[in-house]
Amino acid sequence: MADTNDINTFIEPYLVPDGSKELNENLKSMAASFAVTDDKIREIIIGFHESMKTGLDHDDDNALPMIPTFVRGRPTGKEKGTYLALDLGGTNLRVCQVTLNGDTTYSLVQQKFTITQEAKESHLWDFIAECVGVFLEEHGLIPAPGERTIPCGYTFSFPIFQTSISSGNLSMWNKSFTVPNSVGRDVVNLTQSAFQRHHVPVEVVAVLNDTVGTLMTSGYSHPDTQMGIIFGTGTNAAYWERMENISKWKGEDRTGEMVVNLEWGAFDNATRVLPYTMHDNKLNRKSPNHGLQVFEKMISGLFLGEVARNAILSLVDQRLVFEGQSSEIMNKSYTFDTAYMSQIVADDSSDLHVVKTVLESTLDILPTTLTDRLVVKNVCGMIGTRGVRLSAAAMSAVLLARPELMESEISVGIDGSMYQFYPNFEQDLYKVSRVFLGEDFVDNRLKLHLAKDGSGVGAAIVAMTVDRDRSI
Ligand code: BG6
Ligand code: GLC
């Protein structure tokens, strides 16, 4: 088995046999800069623990936000009823009618709306109201005059500082959303006002992060769920923490547990321990939230392709690939989609014909040699491997923060496009975390589950606990 504490393990597989000395020298230093050895992961885990501890104690710009979510009751699987749920992810808005059957199963009628660029930049609240209006209309859910408004759980996949289970102020936008006049304001109020403007008879009774939704969804089917994670357009996690450890909680009842939203995308923005490269820096410098969400930018679907594009272009600029010629498409930011990386990394054909199609037909780079294609595959491999290893580091850090839980079987609910579509993502998460969490625990007690159907179900569960006597 490869020694994952030896930097050469992260360099040698990426050199190209027919490449020039100069090309291989460049690949060598690039691979070294993206390498995440076991010792590096140990450092990251220590950094995570310090940052989690500070964030639980007080709000601090240099620490993880560790946001108390007001969610205190674990799902039992016995919850029953039909609820409306809105699930605003990084790419899609889902409107769902969720039926919890009371026996750990559920069914769901949902409509998915791709969030338009215009909505991301300006009219998000009206866009949401319009989509909900369409859903209610199409599914015959509009209440008769005089009937009460429909209670709804709202999954909101951006950082909000919650002031109650049904309110929270937006701390910032990320994942390329930039809707004006929203930061610092209550997102439930903003949504509710749009509902009023559009005559949508819905009342948000609970708002939760998508990681909390994922945690609750997984917990409904697997009551031993301790953590919910999103590896998607963005990345983040939520976990059950003992109230006595949440020192910054000002509320009265300090018994039991509460779900804490880590907002781990904000880990180590100062890049003290993260393997941050010039290619990350190039992305970061141009980003609307420059210097923020640095960890997220090294891991998640929105950004990995862009880091790879930057790295490939650095080789083009030195005339080491594509005879020094890029294309108009490749020169534009964010054109090298992370989905292409997945296809490229999975291409095991001898002539790398999938890589050829992506480069030549999609990105208009002509012509490519087999060496060019292998270089691109290897660059994508380095960046993808770094992403998976950092993902495993973060998951391990959170589980190690509650070691007593690791004595029993535990489930982790996970959702998002990276987890679902990046080649071998789940398998690699298990493999990497074995080193830090122990083989016995990972092989016998840790279960990673795809929290299917998104976090809409979680929103319905939380809405139900808030509003037990109301059902649609
Ligand atoms: C969805 C969840 O399935 O996954 C959302 O329901 C979540 O709440 C999303 O935000 C994350 O995945 P992606 O890849 O769309 O960011
Ligand atoms: C971003 C958001 C976070 C969300 C994550 C995954 O990191 O800040 O709230 O959970 O994306 O969608």
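The chain is numbered in sequence order, starting from 1. For ligands, and for the atoms within them, numbers begin at 1 and follow the listed sequence.
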Peer 1: Just by distance, with hydrogens left out, do Asp210 and Asn236 show a side-chain donor and acceptor under 3.5 Å apart?
Peer 2: no
Peer 1: Look at the rings of Phe127 and Phe113 and say which category their plane angle falls in: under 30° parallel, 30 to 60° tilted, over 60° perpendicular.
Peer 2: perpendicular
Peer 1: Is Asp415 in polar range of ligand 1, meaning some N or O pair under 3.5 Å apart?
Peer 2: yes
Peer 1: Under a 4.0 angstrom heavy-atom cut-off, which atoms of ligand 1 come close to Asp87?
Peer 2: 2 (C), 5 (C), 6 (O), 8 (O)
Peer 1: Counting only heavy atoms, which portion of Met418 has something under 4.0 Å from ligand 1: side chain, backbone, both, or neither?
Peer 2: neither
Peer 1: May I ask you to check whether Lys297 and Asn289 show a side-chain donor-acceptor distance below 3.5 Å?
Peer 2: yes
Peer 1: Does the side chain of Ser167 pick up a donor-acceptor pair with the side chain of Thr163 at under 3.5 Å?
Peer 2: yes
Peer 1: Taking any residue with a non-hydrogen atom under 4.0 angstrom from an atom of ligand 2, which ones do you get?
Peer 2: Ser157, Phe158, Pro159, Asn174, Lys175, Asn209, Asp210, Thr211, Ile230, Gly234, Thr235, Asn236, Glu263, Gln293, Glu296
Peer 1: Report the residues that fulfil ring pair (Phe, Tyr, Trp, His ring centres under 6.0 Å) with Tyr154, sequence neighbours left out, ordered by chain and then residue number.
Peer 2: Phe156
Peer 1: Among side-chain atoms of Ser218 and Thr225, is any donor-acceptor pair under 3.5 angstrom?
Peer 2: yes
Peer 1: Can you pull the side chain to side chain donor-acceptor pair (under 3.5 Å) pairs that have at least one residue in residues 388-399, sequence neighbours excluded?
Peer 2: Asp38-Arg389
Peer 1: Can you name the atoms of ligand 1, numbered from 1 with element, that are less than 4.0 Å from a heavy atom of Arg94?
Peer 2: 1 (C), 2 (C), 3 (O), 6 (O)
Peer 1: List the closest protein heavy-atom neighbour of atom 14 (O) of ligand 1: residue, atom name, distance to the nearest 0.1 Å.
Peer 2: Ser417 OG, 2.6 Å
Peer 1: I need the atoms of ligand 1 closer than 4.0 Å to a non-hydrogen atom of Ile230, numbered in the order shown.
Peer 2: 7 (C), 11 (C)
Peer 1: Should Leu399 and Phe436 count as side-chain neighbours, where that means a heavy-atom distance under 4.5 Å?
Peer 2: no
Peer 1: Near Gly89, which atoms of ligand 1 are under 4.0 Å from a heavy atom of that residue?
Peer 2: 10 (O)
Peer 1: Go through Asp59 and Lys248 one step at a time and tell me if the salt bridge (charged side-chain N to carboxylate O under 4.0 Å, His left out) criterion holds.
Peer 2: CA-CA 8 Å; Asp59 292 336; Lys248 69 182 175 189; 2.8 Å; yes
Peer 1: Less than 6.0 Å separating the ring centroids of Trp264 and Tyr239?
Peer 2: no
Peer 1: So which heavy atom in the protein is nearest atom 10 (O) of ligand 1, and how far is it from that ligand atom?
Peer 2: Asp210 OD2, 2.7 Å
Peer 1: Who's the nearest protein heavy-atom neighbour of atom 12 (O) of ligand 1, and how far?
Peer 2: Gly416 CA, 3.3 Å
Peer 1: Which of the numbered atoms in ligand 1 are under 4.0 angstrom from any heavy atom belonging to Thr233?
Peer 2: 13 (P), 14 (O), 15 (O), 16 (O)
Peer 1: Can you confirm, on distance only, whether ligand 1 has an N/O atom lying under 3.5 Å from any N/O atom belonging to Ser455?
Peer 2: yes
Peer 1: Any pair with a residue in residues 111-139 that passes salt bridge (charged side-chain N to carboxylate O under 4.0 Å, His left out), sequence neighbours left out, goes on the list, sorted by first then second residue, please.
Peer 2: Asp126-Arg197
